[in-house]
Amino acid sequence: YFNYAVSGNVSQNRNRVVDLGLPTAYIYGGGGHPNTGPSPCKTVNGQPISQFWGLKTDGMITSQEEIDNSPRQQFGNYTVGDIKYRDLNGDKVVDSKDRQVLGSYFPKINFGLNLSVQYKDFDLSALLQGAADVKSAPVAEIRYAFYNGGKVTEQHLDRWTPENPNATYPRLSMSDSKNRVTSSFWMQDASYAKLRNLQVGYSLPKQLISKYGISRLRVYCSIDNLFMISGFDGVDPEAISGNYYPLTRNYSFGLNVTF
């Protein structure tokens with residue numbers, strides 16, 4: 001005896017803010033002021049709600065000559081090893097006028113898949129859920145070295161130094177915040193697929209249990225959050241603030257008895 005069932009769903013999310021009351025009105029949100037706070041978002045007329053709003057970047061500053069030939073920036077003087085911000089409007093100053101939309105933590109695509117299989121006395125079910133076309137950045141406590149009195153992570157080992165000019169992380173600093181300005185440097189593809197639940201069961205043959213007045217006895221093992229597929233390197237692509245506890249993997253065993 002073999003039986004299976006497959007069902008799924010896909011949805012697309014599109015939204016646009018029609019009117020905030022004034023043509024130039026806007027709302028900041030997402031965890032801080034745009035100059036210093038982690039991952040701020042901005043909502044404006046005519047755009048999707050709550051998008052990441054920040055500077056575009058062009059690698060890291062590697063020499064004093066590059067500093068001398070770079071536009072002045074309002075966030076503090078460049079130091080070798082800093083993130084280099086782009087002057088998009090060409091006015092020779094990097095400031096709030098150079099900010100652009102960097103993406104949104106609201107997924108444009110959500111999907112789910114249910115699978116169930118039964119073979120003789122064995123059964124299996126699985127629930128897969130995910131999202132695509134979504135941007136995010138690791139929470140600030142992971143993204144920035146020493147942030148909020150915290151420590152460092154493995155990614156900070158590949159920091160900029162004169163001996164490591166091709167590093168993936170800017171120079172380390174305990175207090176300098178200009179590398180913490182929201183920018184494309186920190187944005188990542190936060191698409192993911194999570195196996196929310198996997199359950200495997202076995203039903204004992206009826207000839208073994210019928211003499212005890214039992215019509216069905218099933219033993220099973222269920223696992224929540226078994227794995228996730230994602231290129232995002234934060235705690236969780238669904239986490240957009242530091243006040244987030246990572247998902248736990250849960251194992252449970254049980255009996256289903258029918259008399």
Side-chain angles (χ1 to χ4, degrees), residues 4-16 29-32 37-43 47-57 100-117 124-145 147-148 150-158 168-169 180 182-200 221-252:
Y4 72 93
V6 180
S7 63
N9 62 82
V10 178
S11 64
Q12 183 181 38
N13 173 31
R14 292 189 299 176
N15 69 85
R16 183 171 65 89
S39 303
C41 297
K42 187 177 181 181
T43 299
Q47 294 282 345
I49 190 172
S50 197
Q51 297 183 103
F52 288 110
W53 198 268
L55 300 173
K56 295 285 188 178
T57 61
Q100 287 193 347
V101 172
L102 302 178
S104 175
Y105 61 81
F106 288 108
K108 292 184 179 179
I109 298 175
N110 291 278
F111 60 88
L113 179 68
N114 280 286
L115 171 68
S116 62
V117 178
L124 179 147
S125 64
L127 171 61
L128 182 76
Q129 179 270 329
D133 200 356
V134 54
K135 294 288 186 178
S136 190
V139 294
E141 286 78 4
I142 293 177
R143 181 165 69 231
Y144 307 131
Y147 182 82
N148 200 22
K151 299 182 180 180
V152 297
T153 63
E154 185 175 356
Q155 66 168 327
H156 302 136
L157 296 176
D158 188 24
T168 58
Y169 191 87
R180 297 176 180 177
T182 300
S183 70
S184 59
F185 185 89
W186 304 109
M187 292 294 109
Q188 296 183 23
D189 181 359
S191 302
Y192 67 88
K194 296 181 178 181
L195 187 61
R196 296 289 188 179
N197 179 261
L198 177 68
Q199 188 172 126
V200 179
C221 172
S222 180
I223 308 174
D224 296 327
N225 304 312
L226 182 58
F227 68 80
M228 175 181 70
I229 300 172
S230 179
F232 188 74
D233 64 7
V235 175
D236 190 325
E238 293 184 280
I240 59 172
S241 72
N243 300 320
Y244 184 89
Y245 196 83
L247 291 174
T248 58
R249 182 179 299 162
N250 302 312
Y251 297 85
S252 59

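Any value given below was found using the heavy atoms of this structure, including those in side chains, with hydrogens, waters and symmetry copies removed.
- Counting only distance, with no hydrogens or angles, the side chain of Arg196 and the backbone of Gln129 share no donor-acceptor pair below 3.5 Å.
- Across Phe111 and Tyr192, no two heavy atoms sit closer than the pair CZ-O, 3.7 Å.
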Q | side chain to side chain donor-acceptor pair (under 3.5 Å) between Asp233 and Gln155, worked out | A | CA-CA 10 Å; Asp233 64 7; Gln155 66 168 327; 5.6 Å; no
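- Annotation: the span from Tyr147 atom OH to Ile142 atom CD1 amounts to 12.5 Å, rounded to 0.5 Å.
- Val134 and Phe106 get closest at one heavy-atom pair: CG2-C, 4.2 Å.
- Formation of a donor-acceptor pair under 3.5 Å by the His156 side chain with backbone atoms of Arg143 is found in this model.
- Under a 4.0 Å N-O distance rule, the pair Arg180/Glu141 does not qualify as a salt bridge.
- Of all non-hydrogen atoms in Phe232 and Ala137, the two that sit nearest each other are CZ-C, 3.6 Å.
- With hydrogens and angles disregarded, a donor-acceptor distance shorter than 3.5 Å links the side chain of Tyr169 to the backbone of Ala145.
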(Q) Run Asn197 and Ser222 through side chain to side chain donor-acceptor pair (under 3.5 Å) and show every step you take. (A) CA-CA 7 Å; Asn197 179 261; Ser222 180; 2.9 Å; yes
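- Remark: the backbone N or O of Ile49 is paired with a side-chain donor or acceptor of Asn15 at under 3.5 angstrom.
- Distance alone, capped at 3.5 Å, places no donor-acceptor pair between the Ser125 side chain and the Ser116 backbone.
- Taking all atoms of both residues into account, the shortest heavy-atom contact from Val10 to Ile109 is CG1-CG2, 4.1 Å.
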Q.
Show, in sequence, the C-alpha distance, side-chain angles and deciding distance for Thr43 and Ser50, and conclude whether the side chain to side chain donor-acceptor pair (under 3.5 Å) test is met.
A. CA-CA 5 Å; Thr43 299; Ser50 197; 4.6 Å; no
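- When all heavy atoms of Ala126 and Leu198 are compared, the pair lying nearest together is CB-CD1, 4.0 Å.
- Of the inter-residue distances, the one linking Leu102 atom CG with Leu55 atom CG reads 8.0 Å to the nearest 0.5 angstrom.
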Q: Kindly determine whether Tyr105 and Glu238 satisfy side chain to side chain donor-acceptor pair (under 3.5 Å), including the steps that lead there.
A: CA-CA 8 Å; Tyr105 61 81; Glu238 293 184 280; over 6 Å; no
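- Closest of all the heavy-atom pairs between Ser191 and Ser230 is O-OG, 2.8 Å.
- Salt-bridge annotation for Asp236 and Lys194: present, with a side-chain N of the basic residue lying under 4.0 Å from a carboxylate O of the acidic one.
- Judged purely by atom type and a 3.5 angstrom limit, Asn225 uses its side chain to pair as donor or acceptor with the backbone of Thr248.
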